[in-house]
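Notes follow once the structure below has been shown.
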Amino acid sequence: MAHGYHYGGIYFQNRNNNRNAVVRQRGTQLLSTDQESDELIWVKESCNIAVQTTDTQAAVSLQAGLQLAIALVLSIIVGDTDRGQSIAQEMLQSIDTEQSNRQKIIIDNSKDVNVTTTDTDLAVNVQALLQVLVAIVLKLEVL
Amino acid sequence: MNGSANQPNGIPNKVIDLLVSDVFKKNGINPKQIKKNLSKEEKNAIKALVDDLSKQVEAFVSNTQKTKKPKQ
């Protein structure tokens, strides 16, 4: 999550590529999350630099968990796993999430720099999935 | 429990509600009927699952919002 401190001419690169499908059925690519995050942080001839970035991986697993939960709840509701998954696909294709984030940070010849990056898209995504899950469950008056 | 309602960037709850109702209707799912068919254990399991995920989302979102405002 936090990438600590970097001193001197240190080159630091973090690259994540995620292609994550919780429920992938034959012939469809629905209920899938496509996410790519590219991050390049370059610290050059500098000292006392603090860089903190968002944990993309955590969000991706959370997203997968939510998608799985939606499919699972629907599967319990209809009493049929395949049908449950197909309904989940139908529900989530409307908010199918695909995103690509790229950021480059170059710090050159600097001292005492504090950089914090954030990824608001991810937060919106997981919130939307939670909204769907809560809406389903509220309809059944389980909560 | 639904903290997402307060998020200005989120999808409005009414939209989500309509989406769920629409998909239920198209698939012949009657929530009232389902409600009767669910066992107590199933209801508890679903509740626990939603609570757990809500907490995780809340923690993630608050963490993101925190990092939005660096000290300097």
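Values below: all heavy atoms of this structure, side chains included; hydrogens, waters and symmetry mates excluded. A note on names: the letters A, B, ... follow the listed sequences, proteins ahead of strands, and every chain is numbered from 1. Every value quoted in this text rests on a predicted model; they were computed, and no experiment measured them.
At a cut-off of 3.5 Å, with distance as the only test, no side-chain donor of A/Ser46 or A/Lys111 sits close to an acceptor on the other residue.
When all heavy atoms of A/Val78 and A/Gly84 are compared, the pair lying nearest together is CG2-N, 3.6 Å. The shortest non-hydrogen separation linking B/Pro31 to A/Lys139 is CB-O, 3.5 Å.
Neither the backbone nor the side chain of B/Lys32 comes within less than 4.5 Å of any heavy atom in chain A. Only the side chain of B/Leu49 comes within less than 4.5 Å of a heavy atom in chain A; its backbone stays farther off. Heavy atoms of B/Gln56 lying under 4.5 Å from chain A belong to its backbone as well as its side chain.
Electrostatic pairing of B/Asp51 and B/Lys55 does not count as a salt bridge here, judged by no charged N lying under 4.0 Å from a carboxylate O.
No other option in B/Ile29, B/Val20, B/Asp17, B/Asn37 has as many heavy-atom pairs under 4.5 Å with chain A as B/Val20. Here A/Ile77 is the residue among A/Val73, A/Val115, A/Ile77, A/Leu133 with the most heavy-atom pairs under 4.5 Å with chain B. The candidate from B/Leu38, B/Asp52, B/Ile34 with the greatest count of non-hydrogen atom pairs under 4.5 Å with chain A is B/Ile34.
Checking A/Val137, A/Ile87, A/Leu92 one by one against A/Ile70, the side-chain contact (heavy atoms from CB on, under 4.5 Å) holds for a single residue, A/Leu92.
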